[in-house]
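A quick note: this is a predicted structure, and the numbers were derived from the prediction, not measured.
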Amino acid sequence: MEKVEFEPGKSFKLFSPRLRNTFLWHYHPEYELVYVEADAGIRHVGTHVSNYTHDDLVLIGSNLPHLNFDYKLRSEYHQVVIQMRTDFLGTAIGLAPEFSLIRTLFKNAEYGVAFHGETKRLIAQKLKQLGDLNSFEQLLALIGIFEVLARSNEKTILNDDLTSKDFILKDKIRMGAIYEYIDANYHKRPDVNIVAGKVNLTTPAFCRYFKRQTNMTFTDFVNQYRVERAKNLLMQNNNVTETCYAVGYESLSYFNKVFKGIVGENPSVFKRNL
(Lines give C-alpha, C1' and ligand atoms only; values in the text may rest on other atoms or scores of the structure.)
Protein backbone atom coordinates (compact mmCIF):
# COMPACT_ATOMS: atom_id res chain seq x y z
CA MET A 1 0.00 0.00 0.00
CA GLU A 2 1.29 3.43 -0.93
CA LYS A 3 1.08 5.84 1.99
CA VAL A 4 -0.06 9.17 0.60
CA GLU A 5 0.86 12.25 2.64
CA PHE A 6 -0.87 15.58 2.18
CA GLU A 7 0.32 19.06 2.99
CA PRO A 8 -1.39 20.62 6.02
CA GLY A 9 -4.70 22.18 5.05
CA LYS A 10 -4.98 20.35 1.72
CA SER A 11 -7.36 17.57 0.71
CA PHE A 12 -5.49 16.64 -2.48
CA LYS A 13 -1.95 16.26 -3.73
CA LEU A 14 -0.67 17.52 -7.11
CA PHE A 15 2.69 16.21 -8.33
CA SER A 16 4.67 14.82 -11.30
CA PRO A 17 6.33 11.51 -10.35
CA ARG A 18 9.15 10.02 -12.43
CA LEU A 19 9.40 6.28 -11.80
CA ARG A 20 10.12 4.86 -15.24
CA ASN A 21 12.69 2.38 -13.90
CA THR A 22 10.52 1.18 -11.01
CA PHE A 23 7.91 -1.59 -11.20
CA LEU A 24 5.45 -0.11 -8.69
CA TRP A 25 2.38 -2.34 -8.43
CA HIS A 26 0.47 -0.58 -5.66
CA TYR A 27 -2.82 0.69 -4.30
CA HIS A 28 -4.02 3.38 -1.91
CA PRO A 29 -7.33 4.47 -0.36
CA GLU A 30 -7.14 7.82 -2.15
CA TYR A 31 -8.71 8.49 -5.55
CA GLU A 32 -6.19 9.22 -8.28
CA LEU A 33 -6.39 11.09 -11.58
CA VAL A 34 -3.41 10.43 -13.86
CA TYR A 35 -2.44 12.20 -17.07
CA VAL A 36 0.74 11.16 -18.88
CA GLU A 37 2.20 12.27 -22.20
CA ALA A 38 4.53 9.72 -23.84
CA ASP A 39 4.98 8.04 -27.20
CA ALA A 40 3.61 4.71 -25.89
CA GLY A 41 3.20 3.05 -22.52
CA ILE A 42 1.52 0.27 -20.56
CA ARG A 43 -1.80 0.73 -18.72
CA HIS A 44 -2.25 -1.92 -16.01
CA VAL A 45 -5.20 -1.23 -13.70
CA GLY A 46 -6.73 -4.08 -11.70
CA THR A 47 -6.76 -7.03 -14.09
CA HIS A 48 -6.92 -4.78 -17.15
CA VAL A 49 -3.73 -4.62 -19.24
CA SER A 50 -3.51 -2.52 -22.40
CA ASN A 51 -1.31 0.14 -23.93
CA TYR A 52 -1.72 3.84 -24.66
CA THR A 53 -0.22 6.02 -27.38
CA HIS A 54 0.75 9.69 -27.17
CA ASP A 55 -1.05 10.26 -23.87
CA ASP A 56 -3.39 8.71 -21.33
CA LEU A 57 -5.98 10.01 -18.84
CA VAL A 58 -7.27 7.59 -16.19
CA LEU A 59 -9.33 7.96 -13.02
CA ILE A 60 -8.59 5.29 -10.42
CA GLY A 61 -10.84 4.55 -7.48
CA SER A 62 -10.05 3.78 -3.87
CA ASN A 63 -7.85 0.70 -3.30
CA LEU A 64 -7.79 -0.32 -6.98
CA PRO A 65 -4.32 -1.83 -7.60
CA HIS A 66 -2.40 -0.40 -10.54
CA LEU A 67 1.05 -0.10 -12.09
CA ASN A 68 2.76 3.27 -12.47
CA PHE A 69 1.94 4.64 -15.92
CA ASP A 70 5.50 5.70 -16.70
CA TYR A 71 6.99 2.23 -16.17
CA LYS A 72 9.62 1.43 -18.82
CA LEU A 73 8.95 4.55 -20.88
CA ARG A 74 11.87 5.01 -23.25
CA SER A 75 11.19 8.54 -24.48
CA GLU A 76 10.84 11.81 -22.62
CA TYR A 77 7.48 12.18 -20.93
CA HIS A 78 5.36 14.48 -18.80
CA GLN A 79 3.03 13.31 -16.07
CA VAL A 80 0.45 15.00 -13.84
CA VAL A 81 -0.96 13.03 -10.91
CA ILE A 82 -3.65 14.18 -8.49
CA GLN A 83 -4.39 12.11 -5.41
CA MET A 84 -7.46 13.03 -3.38
CA ARG A 85 -8.68 12.05 0.04
CA THR A 86 -11.79 9.89 -0.14
CA ASP A 87 -13.66 12.72 1.62
CA PHE A 88 -11.93 15.61 -0.15
CA LEU A 89 -15.30 17.24 -0.87
CA GLY A 90 -16.64 16.43 2.58
CA THR A 91 -20.27 15.39 2.86
CA ALA A 92 -21.26 17.64 -0.03
CA ILE A 93 -20.61 15.00 -2.68
CA GLY A 94 -23.12 12.68 -1.03
CA LEU A 95 -25.75 15.30 -0.24
CA ALA A 96 -25.69 18.11 -2.79
CA PRO A 97 -27.76 17.25 -5.89
CA GLU A 98 -25.37 19.38 -7.96
CA PHE A 99 -22.74 16.72 -7.34
CA SER A 100 -24.89 13.79 -8.48
CA LEU A 101 -22.97 13.23 -11.73
CA ILE A 102 -19.61 13.50 -9.98
CA ARG A 103 -20.86 11.03 -7.38
CA THR A 104 -21.60 8.55 -10.19
CA LEU A 105 -18.18 9.25 -11.74
CA PHE A 106 -16.42 8.38 -8.50
CA LYS A 107 -18.46 5.21 -8.18
CA ASN A 108 -17.36 4.16 -11.68
CA ALA A 109 -13.78 4.98 -10.73
CA GLU A 110 -13.80 1.84 -8.60
CA TYR A 111 -13.44 -0.07 -11.88
CA GLY A 112 -10.89 2.34 -13.39
CA VAL A 113 -11.98 4.76 -16.14
CA ALA A 114 -9.90 5.83 -19.16
CA PHE A 115 -10.90 8.96 -21.10
CA HIS A 116 -10.19 9.74 -24.73
CA GLY A 117 -11.04 12.11 -27.57
CA GLU A 118 -11.85 15.77 -26.98
CA THR A 119 -12.42 15.10 -23.27
CA LYS A 120 -8.84 13.97 -22.82
CA ARG A 121 -7.48 16.93 -24.77
CA LEU A 122 -9.53 19.46 -22.78
CA ILE A 123 -8.74 17.97 -19.37
CA ALA A 124 -5.02 17.68 -20.21
CA GLN A 125 -4.96 21.41 -20.87
CA LYS A 126 -6.72 22.16 -17.57
CA LEU A 127 -4.41 19.86 -15.58
CA LYS A 128 -1.32 21.57 -16.97
CA GLN A 129 -2.64 24.92 -15.72
CA LEU A 130 -3.25 23.79 -12.12
CA GLY A 131 0.30 24.53 -11.01
CA ASP A 132 -0.25 28.27 -11.63
CA LEU A 133 -3.20 28.43 -9.22
CA ASN A 134 -3.40 28.72 -5.44
CA SER A 135 -4.89 25.88 -3.38
CA PHE A 136 -8.45 27.23 -3.33
CA GLU A 137 -8.39 27.93 -7.07
CA GLN A 138 -7.02 24.43 -7.67
CA LEU A 139 -9.90 22.90 -5.71
CA LEU A 140 -12.47 24.83 -7.73
CA ALA A 141 -10.71 23.85 -10.95
CA LEU A 142 -10.72 20.20 -9.87
CA ILE A 143 -14.47 20.29 -9.31
CA GLY A 144 -14.84 21.70 -12.82
CA ILE A 145 -12.59 18.96 -14.20
CA PHE A 146 -14.66 16.25 -12.54
CA GLU A 147 -17.86 17.79 -13.85
CA VAL A 148 -16.50 17.60 -17.41
CA LEU A 149 -15.38 14.00 -16.88
CA ALA A 150 -18.74 13.09 -15.33
CA ARG A 151 -20.66 14.41 -18.34
CA SER A 152 -18.35 12.86 -20.95
CA ASN A 153 -19.30 9.90 -23.11
CA GLU A 154 -15.69 9.53 -24.25
CA LYS A 155 -14.70 6.99 -21.65
CA THR A 156 -13.93 3.31 -21.20
CA ILE A 157 -14.51 1.27 -18.03
CA LEU A 158 -11.35 -0.77 -17.58
CA ASN A 159 -12.54 -3.66 -15.39
CA ASP A 160 -15.77 -5.60 -15.81
CA ASP A 161 -16.38 -6.24 -12.13
CA LEU A 162 -14.81 -5.81 -8.72
CA THR A 163 -14.42 -9.51 -7.95
CA SER A 164 -10.78 -9.60 -9.01
CA LYS A 165 -10.10 -6.36 -7.14
CA ASP A 166 -11.39 -7.91 -3.93
CA PHE A 167 -9.21 -10.99 -4.45
CA ILE A 168 -6.15 -8.88 -5.23
CA LEU A 169 -6.63 -6.76 -2.13
CA LYS A 170 -6.97 -9.82 0.06
CA ASP A 171 -3.73 -11.21 -1.33
CA LYS A 172 -1.93 -8.11 -2.58
CA ILE A 173 1.62 -9.28 -1.79
CA ARG A 174 1.20 -12.56 -3.67
CA MET A 175 -0.33 -10.89 -6.75
CA GLY A 176 2.39 -8.24 -6.73
CA ALA A 177 5.03 -10.97 -6.73
CA ILE A 178 3.30 -12.74 -9.64
CA TYR A 179 3.04 -9.60 -11.76
CA GLU A 180 6.65 -8.71 -10.99
CA TYR A 181 7.79 -12.18 -12.10
CA ILE A 182 5.79 -11.91 -15.35
CA ASP A 183 7.21 -8.48 -16.08
CA ALA A 184 10.78 -9.66 -15.48
CA ASN A 185 10.41 -12.85 -17.54
CA TYR A 186 7.78 -12.29 -20.26
CA HIS A 187 10.52 -12.02 -22.92
CA LYS A 188 12.15 -15.26 -21.75
CA ARG A 189 10.20 -18.37 -20.86
CA PRO A 190 7.93 -17.68 -17.88
CA ASP A 191 7.58 -20.97 -16.05
CA VAL A 192 4.32 -21.58 -14.23
CA ASN A 193 6.08 -24.04 -11.94
CA ILE A 194 8.66 -21.46 -10.88
CA VAL A 195 6.17 -18.69 -10.22
CA ALA A 196 3.93 -21.14 -8.32
CA GLY A 197 6.89 -21.99 -6.09
CA LYS A 198 7.64 -18.30 -5.52
CA VAL A 199 4.20 -17.79 -4.01
CA ASN A 200 4.22 -21.10 -2.10
CA LEU A 201 1.53 -22.87 -4.12
CA THR A 202 1.50 -26.15 -5.96
CA THR A 203 1.20 -25.71 -9.73
CA PRO A 204 -2.46 -26.90 -9.91
CA ALA A 205 -3.38 -24.67 -6.95
CA PHE A 206 -1.58 -21.72 -8.54
CA CYS A 207 -3.41 -22.20 -11.86
CA ARG A 208 -6.77 -22.20 -10.08
CA TYR A 209 -5.76 -19.19 -7.99
CA PHE A 210 -4.50 -17.17 -10.98
CA LYS A 211 -7.60 -17.93 -13.07
CA ARG A 212 -9.82 -16.81 -10.19
CA GLN A 213 -7.83 -13.59 -9.79
CA THR A 214 -7.59 -12.55 -13.44
CA ASN A 215 -10.24 -14.55 -15.33
CA MET A 216 -7.38 -15.77 -17.55
CA THR A 217 -5.02 -18.71 -17.58
CA PHE A 218 -1.40 -17.95 -16.81
CA THR A 219 -0.45 -18.62 -20.45
CA ASP A 220 -3.19 -16.34 -21.79
CA PHE A 221 -2.15 -13.55 -19.45
CA VAL A 222 1.52 -13.85 -20.45
CA ASN A 223 0.54 -13.77 -24.12
CA GLN A 224 -1.56 -10.66 -23.57
CA TYR A 225 1.27 -9.00 -21.66
CA ARG A 226 3.72 -9.89 -24.44
CA VAL A 227 1.40 -8.49 -27.09
CA GLU A 228 0.96 -5.22 -25.19
CA ARG A 229 4.74 -4.92 -24.90
CA ALA A 230 5.00 -5.76 -28.62
CA LYS A 231 2.54 -2.99 -29.49
CA ASN A 232 4.67 -0.63 -27.44
CA LEU A 233 7.81 -1.63 -29.39
CA LEU A 234 6.06 -1.36 -32.76
CA MET A 235 4.95 2.16 -31.86
CA GLN A 236 8.60 3.00 -31.24
CA ASN A 237 9.41 2.05 -34.84
CA ASN A 238 10.85 -1.43 -34.21
CA ASN A 239 10.19 -3.86 -37.05
CA VAL A 240 7.95 -6.90 -36.66
CA THR A 241 10.71 -9.51 -36.63
CA GLU A 242 12.84 -7.87 -33.94
CA THR A 243 9.70 -7.17 -31.91
CA CYS A 244 8.69 -10.83 -32.12
CA TYR A 245 11.96 -12.03 -30.59
CA ALA A 246 12.19 -9.13 -28.14
CA VAL A 247 8.95 -10.13 -26.42
CA GLY A 248 9.90 -13.80 -26.20
CA TYR A 249 8.41 -15.54 -29.25
CA GLU A 250 10.66 -17.94 -31.17
CA SER A 251 8.30 -18.31 -34.16
CA LEU A 252 7.26 -15.33 -36.26
CA SER A 253 4.18 -17.16 -37.55
CA TYR A 254 3.05 -18.00 -34.01
CA PHE A 255 3.66 -14.41 -32.92
CA ASN A 256 1.51 -13.18 -35.81
CA LYS A 257 -1.24 -15.64 -34.86
CA VAL A 258 -1.28 -14.66 -31.17
CA PHE A 259 -1.05 -10.94 -31.97
CA LYS A 260 -3.96 -11.09 -34.41
CA GLY A 261 -6.03 -13.15 -31.97
CA ILE A 262 -5.67 -10.45 -29.31
CA VAL A 263 -5.52 -7.25 -31.37
CA GLY A 264 -7.66 -8.25 -34.35
CA GLU A 265 -4.97 -7.56 -36.95
CA ASN A 266 -1.47 -8.86 -37.53
CA PRO A 267 1.58 -6.86 -36.36
CA SER A 268 2.52 -5.51 -39.79
CA VAL A 269 -0.99 -4.13 -40.35
CA PHE A 270 -1.02 -2.67 -36.83
CA LYS A 271 2.31 -0.95 -37.47
CA ARG A 272 1.20 0.35 -40.87
CA ASN A 273 -2.02 1.75 -39.44
CA LEU A 274 -0.10 3.79 -36.89
A.B. asks: For residues Gln83 and Glu2, determine if any side-chain heavy atom of one lies less than 4.5 Å from a side-chain heavy atom of the other.
C.D. replies: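 When only atoms from C-beta onward are counted, Glu2 and Gln83 do touch, with a gap below 4.5 Å.
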
A.B. asks: Does Gln79 reach the main-chain N or O of Val34 with its side chain, forming a donor-acceptor pair under 3.5 Å?
C.D. replies: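 No, because the side chain of Gln79 does not come within donor-acceptor range (under 3.5 Å) of the backbone of Val34.
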
A.B. asks: Sequence neighbours excluded, which residues qualify as ring pair (Phe, Tyr, Trp, His ring centres under 6.0 Å) partners of Tyr77?
C.D. replies: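 Partners of Tyr77 under the ring pair (Phe, Tyr, Trp, His ring centres under 6.0 Å) test: none.
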
A.B. asks: Does Thr241 offer a backbone N or O that forms a donor-acceptor pair with the side chain of Asn239 under 3.5 Å?
C.D. replies: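 Yes, Asn239 side chain to Thr241 backbone: donor-acceptor pair under 3.5 Å.
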
A.B. asks: If the condition is salt bridge (Lys or Arg N to Asp or Glu O under 4.0 Å), which residues does Glu265 pass it with, not counting sequence neighbours?
C.D. replies: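 None.
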
A.B. asks: If you compare all heavy atoms of Ala40 against all heavy atoms of Leu73, which two are closest, and at what distance to 0.1 Å?
C.D. replies: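 Here Ala40 and Leu73 meet closest at O-CD2, 3.2 Å.
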
A.B. asks: Who else is in Tyr245's hydrophobic cluster (ILVMFWY, side-chain heavy atoms under 4.5 Å, direct or via others)?
C.D. replies: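 Via sub-4.5 Å side-chain contacts, Tyr245 links to none.
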
A.B. asks: Might you work through the side-chain contact (heavy atoms from CB on, under 4.5 Å) test for Lys271 and Thr243, ending with a clear yes or no?
C.D. replies: CA-CA 11 Å; Lys271 182 175 175 64; Thr243 296; over 6 Å; no

A.B. asks: Applying a strict under-4.5 Å side-chain criterion to I, L, V, M, F, W and Y, I'd like to know whether Leu139 and Val4 cluster together.
C.D. replies: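 Per the 4.5 Å side-chain linkage, Leu139 and Val4 are not co-clustered.
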
A.B. asks: Got a sec, which residues hit salt bridge (Lys or Arg N to Asp or Glu O under 4.0 Å) with Glu118, two or more places apart in sequence or on another chain?
C.D. replies: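 Only Arg121 meet the salt bridge (Lys or Arg N to Asp or Glu O under 4.0 Å) criterion with Glu118.
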
A.B. asks: State, yes or no, whether a side-chain contact exists between Gln129 and Leu133 at a heavy-atom distance under 4.5 Å.
C.D. replies: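 They are not in side-chain contact.
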
A.B. asks: Check the pair Asn232, Gln236 against side-chain hydrogen bond (donor to acceptor under 3.5 Å, both in side chains), reporting the backbone distance first and the verdict last.
C.D. replies: CA-CA 7 Å; Asn232 189 280; Gln236 297 177 42; 2.4 Å; yes

A.B. asks: My understanding is that a hydrophobic cluster links ILVMFWY residues whose side chain heavy atoms are under 4.5 Å apart, including indirect links. Using that, what else belongs to the cluster containing Val269?
C.D. replies: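 Same cluster as Val269: nobody, lone residue.
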
A.B. asks: Return the CG to CD distance between Leu67 and Glu180, rounded to the nearest 0.5 Å.
C.D. replies: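 With rounding to 0.5 Å, CG (Leu67) is 10.0 Å from CD (Glu180).
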
A.B. asks: Contact between Ile82 and Leu142 at the side-chain level, heavy atoms closer than 4.5 Å - yes or no?
C.D. replies: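 With C-beta onward as the side chain, the pair touches.
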
A.B. asks: Find out whether Val240 and Leu252 are in side-chain contact, i.e. whether some heavy atom of one side chain is under 4.5 Å from a heavy atom of the other.
C.D. replies: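 Val240 vs Leu252: side chains touch.
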
A.B. asks: Kindly indicate, with the supporting measurements, whether the criterion salt bridge (charged side-chain N to carboxylate O under 4.0 Å, His left out) is fulfilled by Glu250 and Arg189.
C.D. replies: CA-CA 10 Å; Glu250 298 177 355; Arg189 288 190 177 183; 2.7 Å; yes

A.B. asks: What closest approach, in Å, do Tyr209 and Ile178 show between heavy atoms, and which atom pair accounts for it?
C.D. replies: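 Closest pair (atom of Tyr209, atom of Ile178, distance): CE2-CD1, 3.7 Å.
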
A.B. asks: Grab the two heavy atoms, one from Asn266 and one from Phe259, that are nearest each other, plus how far apart they are.
C.D. replies: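 Here Asn266 and Phe259 meet closest at C-CD2, 3.8 Å.
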
A.B. asks: As an exercise, state the distance from CG of Leu24 to CZ of Phe69, rounded to the nearest 0.5 Å.
C.D. replies: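 So the gap between those two atoms works out to 11.5 Å.
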
A.B. asks: Would you please test Leu149 and Phe115 for side-chain contact (heavy atoms from CB on, under 4.5 Å) and show each step?
C.D. replies: CA-CA 8 Å; Leu149 295 178; Phe115 297 89; 3.8 Å; yes

A.B. asks: How long is the straight-line distance from CZ of Arg85 back to OG of Ser62, given to the nearest 0.5 Å?
C.D. replies: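 If we round to the nearest 0.5 Å, Ser62:OG and Arg85:CZ are 13.5 Å apart.
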
A.B. asks: Show the nearest heavy-atom pair for residues Glu154 and Ser152, with the distance to one decimal.
C.D. replies: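 Reported closest heavy-atom pair: N-OG, 2.9 Å.
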
A.B. asks: Can you confirm whether or not the ring centre of His66 sits under 6.0 Å from the ring centre of His48?
C.D. replies: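 No, the ring of His66 stays outside the 6.0 Å limit from the ring of His48, centre to centre.
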
A.B. asks: Would you say the side-chain atoms of Ser50 and Arg43 include a donor-acceptor pair closer than 3.5 Å?
C.D. replies: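 Per modelled atom types, Ser50 and Arg43 side chains form a pair under 3.5 Å.
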
A.B. asks: Honestly, is Lys10 close enough over Phe12, meaning NZ or CZ under 6.0 Å from the six-membered ring centre and within 45° of the axis?
C.D. replies: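 Relative to the ring axis of Phe12, which defines the angle, Lys10 lies inside both limits.
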
A.B. asks: With rounding to the nearest 0.5 angstrom, report the OH to CG distance, Tyr31 to Asp87.
C.D. replies: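 That separation rounds to 10.0 Å.
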
A.B. asks: Evaluate the criterion side-chain contact (heavy atoms from CB on, under 4.5 Å) for residue pair Val80 and Leu33; output intermediate values, then yes/no.
C.D. replies: CA-CA 8 Å; Val80 178; Leu33 182 64; over 6 Å; no

A.B. asks: Do Val81 and Ser16 come within less than 4.5 Å of each other through their side chains, counting heavy atoms only?
C.D. replies: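 No; the side chains remain at least 4.5 Å from each other.
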
A.B. asks: With a 4.5 Å limit on heavy-atom distance, are the side chains of Asp160 and Tyr111 in contact?
C.D. replies: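 Contact flag for Asp160/Tyr111 side chains = no.
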
A.B. asks: Looking only at atom types and distance, does a side-chain atom of Asn68 sit under 3.5 Å from a main-chain N or O of Leu19, one as donor and one as acceptor?
C.D. replies: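 Yes; judged by distance alone, with no hydrogens or angles, the pair exists.
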
A.B. asks: Charged N to carboxylate O below 4.0 Å: is that the case for Arg18 and Glu76?
C.D. replies: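 Between Glu76 and Arg18 there is a salt bridge, with a charged N closer than 4.0 Å to a carboxylate O.
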
A.B. asks: Only counting residues at least two apart or in another chain, list the ones meeting salt bridge (Lys or Arg N to Asp or Glu O under 4.0 Å) with Asp55.
C.D. replies: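 Checked Asp55 against salt bridge (Lys or Arg N to Asp or Glu O under 4.0 Å); matches are Lys120.
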
A.B. asks: Please identify which of these residues, Tyr225, Phe221, Tyr71, Tyr186, meets the ring-ring contact (aromatic ring centres under 6.0 Å, His included) condition with Tyr179.
C.D. replies: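 Output: one option passes, namely Phe221.
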
A.B. asks: Do Lys257 and Ser253 have side chains that get closer than 4.5 Å, going by heavy atoms?
C.D. replies: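 No, side chains not in contact.
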
A.B. asks: Listed by chain and number, what are the salt bridge (Lys or Arg N to Asp or Glu O under 4.0 Å) partners of Glu30, not counting sequence neighbours?
C.D. replies: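 Once residues adjacent in sequence are excluded, Glu30 has no partner under the salt bridge (Lys or Arg N to Asp or Glu O under 4.0 Å) criterion.
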
A.B. asks: State which residues pass ring pair (Phe, Tyr, Trp, His ring centres under 6.0 Å) with His54; sequence neighbours excluded, sorted by chain then number.
C.D. replies: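 His54 satisfies ring pair (Phe, Tyr, Trp, His ring centres under 6.0 Å) with no other residue.
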
A.B. asks: Can you name the nearest heavy-atom pair linking Met175 to Trp25, along with the distance?
C.D. replies: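 What the structure gives for the nearest pair is C-NE1, 4.4 Å.
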
A.B. asks: Could you tell me whether the side chain of Thr156 reaches within less than 4.5 Å of the side chain of Val113, counting heavy atoms only?
C.D. replies: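 When only atoms from C-beta onward are counted, Thr156 and Val113 do not touch, as no gap falls below 4.5 Å.
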
A.B. asks: Taking only residues two or more places apart in sequence, or in another chain, which ones meet Ala196 in a side-chain contact (heavy atoms from CB on, under 4.5 Å)?
C.D. replies: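 Ala196 satisfies side-chain contact (heavy atoms from CB on, under 4.5 Å) with Thr203, Phe206 only.
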
A.B. asks: Under 3.5 Å, is there a donor on one side chain and an acceptor on the other for Thr217 and Thr219?
C.D. replies: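 Checked: Thr217/Thr219 side chains show no N/O donor-acceptor pair below 3.5 Å.
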
A.B. asks: From Leu127 CG over to Gln138 CD, what is the distance, rounded to the nearest 0.5 angstrom?
C.D. replies: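 Going from CG on Leu127 over to CD on Gln138, the span is 11.0 Å.
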
A.B. asks: Hey, could you give me each pair passing salt bridge (charged side-chain N to carboxylate O under 4.0 Å, His left out) that has a residue in residues 143-152? Not counting sequence neighbours.
C.D. replies: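 The answer is Glu147-Arg151.
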
A.B. asks: For Pro267 and Asn256, which heavy atoms make the closest approach, and how far apart are they?
C.D. replies: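 Heavy atoms only, the tightest pair is CD-OD1, 3.1 Å.
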
A.B. asks: To the nearest 0.5 Å, what is the distance between CD (Glu37) and OH (Tyr52)?
C.D. replies: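 If I round to the nearest 0.5 Å, the distance is 10.5 Å.
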
A.B. asks: Under a 3.5 Å threshold, yes or no: a donor from one side chain and an acceptor from the other, between Asn51 and Lys231?
C.D. replies: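 There is such a pair between these side chains.
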
A.B. asks: Under 3.5 Å, which donor-acceptor pairs link side chains of residues 101-109 to any protein atom two or more places apart or in another chain?
C.D. replies:
| unit_1 | atom_1 | unit_2 | atom_2 | d |
| --- | --- | --- | --- | --- |
| Arg103 | NH1 | Ile93 | O | 2.6 |
| Thr104 | OG1 | Ser100 | O | 3.2 |

A.B. asks: Might you work through the side-chain contact (heavy atoms from CB on, under 4.5 Å) test for Phe218 and Ile182, ending with a clear yes or no?
C.D. replies: CA-CA 10 Å; Phe218 180 75; Ile182 292 172; 3.9 Å; yes

A.B. asks: Is the number of heavy atoms from other residues, nucleotides or ligands within 6.0 Å of CZ (Phe6) greater than 12?
C.D. replies: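 Atom CZ in Phe6 is crowded, with more than 12 foreign heavy atoms closer than 6.0 Å.
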
A.B. asks: To which residues is Phe136 joined in a hydrophobic cluster, defined by side-chain heavy-atom contacts under 4.5 Å among Ile, Leu, Val, Met, Phe, Trp and Tyr, whether direct or through other members?
C.D. replies: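 Besides Phe136, the cluster holds Leu140.
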
A.B. asks: Can you see whether Asn159 engages Thr47 through a side-chain donor-acceptor pair at a distance of less than 3.5 angstrom?
C.D. replies: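 Yes, a side-chain donor-acceptor pair sits under 3.5 Å.
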
A.B. asks: Is the positively charged end of Lys13 above the ring of Phe15, judged by distance under 6.0 angstrom from the centroid and angle within 45° of the axis?
C.D. replies: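 Output yes; distance and angle both within limits.
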
A.B. asks: Is Lys126 atom NZ crowded by more than 12 heavy atoms from other residues, nucleotides or ligands, each under 6.0 Å away?
C.D. replies: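 At most 12 heavy atoms, drawn from other residues, nucleotides or ligands, come within 6.0 Å of this atom.
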
